[in-house]
Protein chains: 2
Amino acid sequence: MTDSRTYHHGDLRRALLAAALEAIDEVGPAALSLRDLARRAGVSHAAPAHHFGDKAGLLTALAAQGFDLLAQALTAADGDPLEAGVAYVDFAVTRRAYFEVMFRPEFYRADDAELIAARARAGAVLRAGVAALPTGSAPVDPGRDALAAWSIAHGFATLWLAGVLPDRVGDNPRDAARTVLRRLAT
Amino acid sequence: MTDSRTYHHGDLRRALLAAALEAIDEVGPAALSLRDLARRAGVSHAAPAHHFGDKAGLLTALAAQGFDLLAQALTAADGDPLEAGVAYVDFAVTRRAYFEVMFRPEFYRADDAELIAARARAGAVLRAGVAALPTGSAPVDPGRDALAAWSIAHGFATLWLAGVLPDRVGDNPRDAARTVLRRLAT
DNA sequence: TCCTAATCTTGTCATTGACAAGATGTCACT
DNA sequence: AGTGACATCTTGTCAATGACAAGATTAGGA
């Protein structure tokens, strides 16, 4: 179906999303160009509009897909809250394009039903992953603990992606994340 | 000097930075338009180029100014690491435009000397603020503790700005941050 | 005064997002 | 097989933008 001689592409929607991931990795979500995606997919400049309406539509689809992939990644670290945090950071780094779109609501339609559902699924997995965290001595608010855990993992991931962490942390995000996250898990 | 009848603006650089803060608060840093800033300042569309070269130049100046303001805000919470964290979150929320640019290196020139200096100043204040954190029972790596503290504050601030936190956290970022950050400070 | 540099303007070009209208392919139904 | 409705893709167009070039205006010192 990648035969460029056919009038119909055959799988353009998927091809555009894949091209978007590449493009975002290269230039970031802000500089993403629909026309560039069309060129990458070998179709005309107006073809993307049919599948996504506009740029926000495409990024909405990407974000929804990203939340599902994140839920999947967190599920893999079943039971171990520390490893769930590591998986969160790992997702942000290895699937950077998804992550960068997911947490920038100004790029997509935050009221999209499919997106809201996907985000809710990821949120449920995330809260479940944190539930097994060892609590302090004082009576704790589980909501607060989940927020703290989410914050530290999200913050470390964001700072890593922003490239502002000192060189000392090394180049292995999983190991670095585990070291930092352990500060909360003890 | 704000007299629009004069050929020279008089304080265009400052006016453009102020207009940029407004515009970013309205549409975000990605959708920022130099021509819109020029209109807001009452000058021609090419006037900004003389002061900042291009868009990245303007955002570089904004980011550098932001790091200095952050350092200033952190210094105000002198000595108390918990309040330093609260001040960090408060800065992100109340001076959102600065914060959103500062941690998106793809928007500006990360090799700018003035920016690097400002960021180093802010980093020094941040590390100093965390130094007084109560350590756990085990022998600790102060660098790790600083990273954990930075991560949790930065993560909470980022999640707050992204608007993905549950309604339960309320609408007061300072109080909410204090509650979450205490999880690390005990 | 004059002159040099800084500041701002006008004009231009390629790129982009969005929209409209038309061409082509696909598929269900007869 | 034939046909019509719909999905998919194309071509054409427009306003907005970033960047650049060249010229006008002003400020401030020799």
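All of these numbers come straight from a predicted model, not from anything done at the bench.
Straight-line distance from the CZ atom of B/Arg14 to the P atom of C/dT7: 14 Å, rounded to whole Å. A straight line from CZ of B/Phe52 to C1' of C/dA6 spans 15 Å, rounded to a whole angstrom. Atom P of nucleotide D/dG18 and atom CZ of B/Arg39 are separated by 9 Å, given to the nearest angstrom. In this structure, the CG atom of A/Leu16 is 11 Å from the C1' atom of D/dC9, given to the nearest Å. Between A/Arg35 atom CZ and D/dT13 atom P the separation is 13 Å, expressed in whole Å. What separates NZ of B/Lys55 from P of D/dT17 is a distance of 10 Å, to the nearest Å.
Distances shown here put a side-chain N or O of A/His51 below 4.0 Å from the OP1 or OP2 atom of D/dC9. Phosphate contact (OP1/OP2 of C/dC8, side-chain N/O of B/His50, threshold under 4.0 Å): absent. Side-chain N/O atoms of A/Ser33 include none lying less than 4.0 angstrom from OP1 or OP2 on C/dT15. Considering only side-chain N and O atoms, A/His45 lies nowhere under 4.0 angstrom from the phosphate OP1 or OP2 of D/dG12.
A distance-only check finds a donor-acceptor pair linking the side chain of A/Arg104 to the backbone of A/Glu100 [under 3.5 Å].
Summarising the local packing, CG of A/Asn172 is surrounded by more than 12 heavy atoms from other residues, nucleotides or ligands at distances under 6.0 Å. No more than 12 heavy atoms of other residues, nucleotides or ligands sit less than 6.0 Å from atom CZ of B/Arg14. For A/Glu114, the CD atom counts as loosely surrounded, since its 6.0 Å shell holds 12 or fewer non-hydrogen atoms of other residues, nucleotides or ligands.
B/Leu32 comes within contact range of the sugar-phosphate backbone alone, with a heavy-atom separation under 4.0 Å but no base atom that close. Heavy atoms of A/Arg13 sit nowhere under 4.0 angstrom from any nucleic acid atom. Residue contacts shown for A/Leu37 are absent, as no nucleic acid heavy atom lies under 4.0 Å away.
Annotation: of the two residues near DNA chain D, A/Leu12 and B/Leu34, the 5′-most nearest-nucleotide partner is A/Leu12.
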